[in-house]
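First up is the structure itself, then whatever we jot down about it.
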Number of protein chains: 2
Amino acid sequence: MNVPRHKIAPQCAECPIRHKAVCARCDADELEQLDRIKYYRSFEAGQTIIWSGDKMDFVGSVVSGVATLTQTMEDGRTQMVGLLLPSDFVGRPGRDGAPYDVLATTDIVMCCFRKIPFEKMMNETPHIAHRLLEMTLDELDAAREWMLVLGRKTAREKIASLLCIIGRRDASLTPGGHGDTMEFDLPLTREAMADYLGLTLETVSRQMSALRKDGVIELRGKRHVIVPDTGRLMDVAGDDSDGGLYG
Amino acid sequence: MNVPRHKIAPQCAECPIRHKAVCARCDADELEQLDRIKYYRSFEAGQTIIWSGDKMDFVGSVVSGVATLTQTMEDGRTQMVGLLLPSDFVGRPGRDGAPYDVLATTDIVMCCFRKIPFEKMMNETPHIAHRLLEMTLDELDAAREWMLVLGRKTAREKIASLLCIIGRRDASLTPGGHGDTMEFDLPLTREAMADYLGLTLETVSRQMSALRKDGVIELRGKRHVIVPDTGRLMDVAGDDSDGGLYG
DNA sequence: TCACCCAGTTGATCTGTGTCAAGGATCAGG
DNA sequence: CCTGATCCTTGACACAGATCAACTGGGTGA
């Protein structure tokens, strides 16, 4: 489950898709092709990037900021089914409709590729198709790991699991065990955390307070989190896995 | 979300991988190649097919019977993260370890392919890689849909959602709306249903009884289910989608 | 400076589901 | 026929988390 992330090659820093999504080896030809069909889009915090069911004419990846994938029932109950952090890929090659809403939770910049030429390129470049399969398998693992969180963990464990994931992604890419510390800003409101965890925002708030009281985390303001002992947080999360979700 | 299933071409009936997993067009060459690396395995109900973390040296698909993918926490809490019905694919091309336990819930026959030659064939046949990407995207959609069930639905809605999925897969492939009926055998114990739904077996039993009392379902014995009005069951499931999960 | 607003916190109470326990139905083997 | 095993059902009660409601703190604009 612990997929090491590629280091960002200097020439690829601008657009994550180059190394993460598609071009693991930064093949010059492929980069040039990608460059030709690439464009950027910005969204403000709270804006909807795509509505569920809309036709999606692009694929792309997050350059900066955070977005979420959410599903909503008729009566308004919502469940977040994915978290998009920088370098994560969005879009379904070969599919037309978006299966869920994509929402910007912070200001966000995306690097997009028009879908038709991207698919054409994918068909001609087995290398890209391979990389996409691998990414999709990673996402599937993450989704299934999250099913365990949603179905069987307590509120306290859920919060700890979420903090592990965000901390791991945001703070550093080190393994993180007993003794290690983490420090990061939560890119989500309490309500968004609740939607991700299948809880209410009140329960999220209470459990955050409880973890603070127990010394598992420290809070500076409402969003900034300090984890004095990553291993302890992971123990609370009840995770025997190393928390290496989402690659 | 409603992915129509391929009709089974007569020449492909024996081994689902031919049409479903890999060979949408039944290309003769590919079939011959697949035939050479193919073998069958049987398991009895209750048997473990693969343990989480084991090296997995094959991929394959279910010919008959039902299996489940499950994750287990250290303290024994378990969550089922996938249901494998006939024609479903198992295995992660390009990955070595199994990420979860695979358990036979009924007697089951699988059609397997040794992993190395299968991957070699996949690399040489973009067609197969494509089909696998498509299947993985389907599984991802299903997993995310299930996250909504686990995170936000009530016990009653969960049961109804599960019955929809199993009924749809087992009974027929018709759309199923108001007025239509369904009839099928549950391939799962109450405990397995509970593990799939993030509930206890007692709650599953109680809600099954409640649905029976309300006339939403009828039970003949413990496992045989009759749904007099599929549309009504779907209403109880609270699903605006057509329940067309798992293809 | 004040008023307002929003995100978050905390308290009181309610309820759906878990937990524990007893008992029923079905089946296989002796 | 009885016996034990397995799976399922039902009841009584407990509790985690939901719900409803009041309040806090910090930022923004007039």
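Treat the numbers as computed from the prediction; the structure is a model and nothing was measured. Each chain gets a letter, A, B and so on, in the order the sequences are listed, and its residues count up from 1. Values below: all heavy atoms of this structure, side chains included; hydrogens, waters and symmetry mates excluded.
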Tell me whether the OP1 or OP2 atom of D:dC8 has a side-chain N or O from B:Arg206 closer than 4.0 Å.
no
Do A:Leu233 and A:Cys164 come close enough that some side-chain heavy atom pair is under 4.5 Å?
yes
With the side chain of B:Glu202 defined as its heavy atoms from C-beta on, choose the nearest nucleotide among D:dT19, D:dT10, D:dT9.
D:dT10
Nucleotide N/O of nucleotides 14-17 of chain C paired with protein N/O under 3.5 Å:
from	atom 1	to	atom 2	distance (Å)
C:dT17	OP1	B:Ala155	N	3.0

Expressed in angstrom and rounded to an integer, what is the separation of A:Asp195 atom CG from D:dA18 atom C1'?
14 Å
Is the backbone of B:Glu44 close enough, under 3.5 Å, to the side chain of B:Gln47 for a donor and an acceptor to pair up by distance?
yes
Check the distance between D:dT9's P and B:Lys213's NZ and give it to me in whole angstrom.
12 Å
Taking atom C1' of C:dG8 as reference, at what distance in whole Å does atom CG of A:Leu188 sit?
15 Å
Quick one: does any side-chain atom of B:Arg95 pair with a main-chain N or O of B:Met56 as donor and acceptor, under 3.5 Å?
no
Considering heavy-atom distances to DNA chain C, does A:Arg152 or A:Leu219 have its closest nucleotide positioned more toward the 5' end?
A:Leu219
Students often mix this up, so state it plainly: with edges at 30° and 60°, are the rings of B:Phe58 and B:Tyr39 parallel, tilted or perpendicular?
perpendicular
Mind grabbing the angle between the end helix axes of the helix from C:dT1-D:dA30 to C:dG30-D:dC1? Five pairs an end, 10° rounding.
30°
Given salt bridge (charged side-chain N to carboxylate O under 4.0 Å, His left out), test B:Asp195 with B:Arg190 step by step and report yes or no.
CA-CA 9 Å; B:Asp195 282 342; B:Arg190 297 289 187 265; over 6 Å; no
For C:dT10, take OP1 and OP2 only and decide whether either is under 4.0 Å from a side-chain N or O of A:Ser209.
yes
Could you tell me whether B:Glu139 and B:Arg144 make a salt bridge, using a distance below 4.0 angstrom between a side-chain N and a carboxylate O?
no
What's the CZ-P distance between A:Arg220 and D:dG26, to the nearest Å?
14 Å
Between B:Glu183 and B:His224, do the side chains contain a donor N or O and an acceptor N or O under 3.5 Å apart?
yes
Could you state the NE2-P distance from A:His224 to D:dG26, rounded to the nearest angstrom?
17 Å
If you assign A:Val204 and B:Arg223 each to the DNA chain D nucleotide with the nearest heavy atom, which residue ends up on the more 5' nucleotide?
B:Arg223
In whole angstroms, the gap separating P of C:dT10 from CZ of A:Arg190 amounts to 10 Å
Which part of the nucleic acid, if any, lies within contact of A:Ser205, taking any heavy atom under 4.0 Å across all strands shown: a base, the sugar-phosphate backbone alone, or nothing?
base
Tell me the interatomic distance from A:Met208, atom CE, to D:dG17, atom P, rounded to whole angstroms.
16 Å
Counting distance only, does the side-chain N/O of A:Lys153 pair as donor-acceptor with the main-chain N or O of A:Leu148 below 3.5 Å?
no
Please check this pair: side chain of B:Asp229 against backbone of B:Gly231, looking for a donor-acceptor N/O pair closer than 3.5 Å.
yes
Rounded to whole angstrom units, what separation is found between the CG atom of B:Leu186 and the P atom of D:dT9?
10 Å
